[in-house]
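Only a predicted model underlies this, so the values are computations on that prediction, with no experimental measurement involved. Scope of the values below: all heavy atoms of this structure, side chains included, with no hydrogens, waters or symmetry mates. One is the number of the first residue; the rest follow in order along the sequence.
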Amino acid sequence: MLEAIIAIVGILFGVGGKVVYDRQQTTRGKNKVEKELADAQTKAADIVLKAKDEALEIEKERRREWKKTEDRLVEREAALDKKLDELDKRTEKLRAQEDEVEELKNEIREIRTRQQEKLEKIAGLKKKEAAEKLMQMTERDIKHDLIGLVDKLQKDAMHDAEERAQEILVSAMERMSSEVTAERTVTAIKLTDDEMKGRIIGKEGRNIQSLQRATGVDILVDDTPGMIVMSSFDPIRRQVARLTLEMLMKDGRIHPGRIEEVVAKAQKQIDKEVDRAGEDAAREVGVVGIPKEMLRLLGELKYRTSYGQNVLMHSTEMAHIAGMIAEEIGANVRVVKIATLLHDVGKAVSHKLEGKHHHIGAELARKYGMSEDIAHAIEAHHDDIEATTPEALVVRVVDAASAARPGARNISAENFAERMRDLENVATSFDGIDKAYAISAGREVRVIVKPEKIDDLSSIKLARDIANKIESTMQYPGTIKVNVIREMRAIEFAK
């Protein structure tokens with residue numbers, strides 16, 4: 001029992017000691033924390049004070065810099081004010097000097113006038129009269145010397161210019177070589193057999209009549225054995241007729257309705273060839289920027305001739321030679337090449353527009369926005385317009401050089417083509433005309449009238465009027481047949 005009591009007492013003392021020990025430890029920790037907190041507050045206060053001191057120092061430094069800057073600005077402003085004052089004083093001084101100079105000028109003018117009056121009074125001559133007498137005396141003294149000098153300079157210039165021009169022309173012509181005689185347009189097609197001949201003629205000749213009416217070309221079947229010959233002064237129409245016949249013979253179906261379809265198709269194909277020919281010519285010469293309308297007209301020259309010379313080949317050849325000459329003499333190569341390439345473009349529409357082809361070509365160039373230098377060079381390549389630029393002179397020279405080569409041109413062929421155009425122009429000058437074609441080598445002009453404007457009786461009178469006008473305005477060998485055609489078509493569709 002005693003032992004148990006002793007054990008319990010021991011336990012109680014142990015527990016009490018533990019409690020006392022824990023309280024002592026807690027008190028010590030609390031004191032330590034409070035001490036550390038006080039130390040931290042002291043350090044923080046030191047840091048804040050230090051930061052405030054640094055901020056005050058920075059502010060003082062900044063204020064010193066601002067003060068320096070302000071002082072510099074004040075000094076600069078003072079310097080500028082001083083300079084402005086000096087400029088004002090200098091300006092006033094210059095104005096005073098200008099006034100003095102003007103006064104001196106006036107005094108000099110007055111002195112000069114008084115001297116001139118005294119001299120005129122002494123000499124008995126006015127200033128103008130004295131100047132004229134002096135010029136006459138001078139001219140009389142040196143006239144012979146001047147005449148001799150001018151004559152010598154002219155002779156030297158002509159000699160040098162002629163020699164230089166010959167060198168340039170020969171050099172350019174040697175560098176450019178082309179065919180003398182151009183290839184002619186095909187005007188005959190070979191018949192495959194007699195059956196094809198019958199198909200082309202058609203029942204009572206209706207097929208061949210439709211062909212002639214649609215193409216404006218006189219077609220002769222078997223006039224030459226085994227051949228179809230097409231006669232028309234217009235090579236483009238002849239080309240359309242040739243292509244039409246080739247397509248019809250290949251297809252085998254030949255009747256008036258089919259003929260009209262094939263003619264339209266052939267016309268489109270020829271139009272494409274014309275466009276391609278113009279673009280190829282410009283590309284070959286090496287020029288860009290030509291309007292599409294002018295390229296189209298240029299392509300039409302592929303099927304036209306001038307005095308028997310193919311106009312497109314002539315123009316292309318000229319453009320090459322002109323470019324070489326322009327380089328030698330320092331002219332504008334681009335202007336020269338374009339003007340030379342297009343110099344005969346008026347021939348593509350000369351049968352539609354009145355006037356000479358070079359005037360028409362120049363107007364077309366202006367119409368489609370080309371420069372005046374190019375238009376002038378085109379217009380001045382013949383003698384009726386004076387060439388005022390080096391480029392225009394080059395175009396005129398190369399035109400003569402290209403046309404003058406032996407065998408290049410045939411004068412009678414050009415006269416013949418011109419007469420054919422005149423025949424058509426006479427016919428189309430009357431009202432109510434739809435189309436007019438000169439065929440059979442100019443021995444017949446075929447006129448198609450608008451049926452709603454010209455009746456049968458008026459057609460007879462129209463034929464007589466056209467014949468009378470041809471007799472009174474044209475010169476031609478033999479006789480010319482005037483054939484007026486009036487056709488009425490009624491078309492309706494069953495649905």
Side-chain angles (χ1 to χ4, degrees), residues 66-162 164-165 326-336 339 362-363 365-366 369-380 384-396:
W66 287 348
K67 180 64 175 174
K68 290 179 182 179
T69 303
E70 186 177 357
D71 293 341
R72 285 198 301 269
L73 291 174
V74 170
E75 291 175 0
R76 185 171 296 178
E77 185 177 358
L80 289 174
D81 291 339
K82 185 177 179 182
K83 288 183 179 180
L84 287 174
D85 293 338
E86 292 177 356
L87 286 174
D88 291 337
K89 292 178 182 178
R90 187 177 297 178
T91 302
E92 292 177 359
K93 187 176 180 180
L94 287 174
R95 286 176 182 171
Q97 291 177 352
E98 287 178 357
D99 294 337
E100 292 177 2
V101 170
E102 189 64 30
E103 291 177 359
L104 289 172
K105 285 182 179 179
N106 293 332
E107 291 179 5
I108 292 170
R109 290 192 190 100
E110 292 176 1
I111 294 171
R112 201 158 132 200
T113 302
R114 288 197 298 268
Q115 288 178 344
Q116 184 175 334
E117 291 174 354
K118 289 180 180 179
L119 287 172
E120 289 177 355
K121 186 176 180 180
I122 294 171
L125 293 172
K126 297 291 184 183
K127 179 182 177 182
K128 186 176 181 181
E129 295 173 353
E132 290 177 355
K133 283 188 174 293
L134 180 62
M135 288 298 296
Q136 290 173 2
M137 293 172 60
T138 306
E139 183 180 356
R140 185 172 59 251
D141 292 340
I142 66 174
K143 182 176 181 180
H144 295 293
D145 294 337
L146 287 175
I147 291 174
L149 178 61
V150 170
D151 184 58
K152 181 177 181 302
L153 291 174
Q154 286 180 342
K155 288 181 179 179
D156 292 344
M158 290 178 63
H159 180 269
D160 295 341
E162 185 176 357
R164 178 62 177 159
E327 289 179 357
E328 293 289 338
I329 67 173
N332 190 317
V333 177
R334 183 177 183 276
V335 170
V336 166
E363 290 303 319
R366 295 186 181 100
M370 305 190 77
S371 69
E372 182 59 29
D373 290 341
I374 295 174
H376 171 69
I378 293 173
E379 192 169 20
D384 58 341
I385 297 292
E386 182 181 0
T388 59
T389 63
E391 291 78 15
L393 288 170
V394 171
V395 176
R396 181 179 291 186

His376 side-chain N/O to Thr388 backbone N/O, donor-acceptor pair under 3.5 Å: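 Yes.
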Chi angles and distances behind the salt bridge (charged side-chain N to carboxylate O under 4.0 Å, His left out) call for Glu70, Lys67: CA-CA 5 Å; Glu70 186 177 357; Lys67 180 64 175 174; 5.1 Å; no
Enter the distance from [X]:[atom1] to [Y]:[atom2] here, rounded to the nearest 0.5 Å.
X      : Y      : atom1 : atom2 : answer
Glu98  : Leu94  : CD    : CG    : 6.5 Å
Lys68  : Arg72  : NZ    : CZ    : 8.0 Å
Glu75  : Leu73  : CD    : CG    : 9.5 Å
Arg90  : Lys93  : CZ    : NZ    : 8.5 Å
Lys105 : Glu102 : NZ    : CD    : 5.5 Å

If you take all heavy atoms of [X] and [Y], which pair is closest and at what distance?
X      : Y      : result
Glu327 : Val333 : CG-CG2, 3.6 Å
Ile378 : Ala365 : CD1-CB, 4.1 Å
Ala362 : Ala375 : CB-O, 3.5 Å
Val336 : Ala331 : CG2-CB, 4.4 Å
Arg334 : Asn332 : N-OD1, 3.1 Å

Residues, nucleotides or ligands: over 12 heavy atoms within 6.0 Å of Glu386 CD: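 Atom CD in Glu386 is not packed in, count stays at 12 or less.
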Over 12 foreign heavy atoms within 6.0 Å of CZ, Arg114: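 It does: Arg114 CZ has more than 12 such atoms within range.
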Within-4.5 Å side-chain heavy-atom neighbours: Arg112 and Arg109: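 They are not in contact (no side-chain heavy atoms under 4.5 Å apart), so the answer is no.
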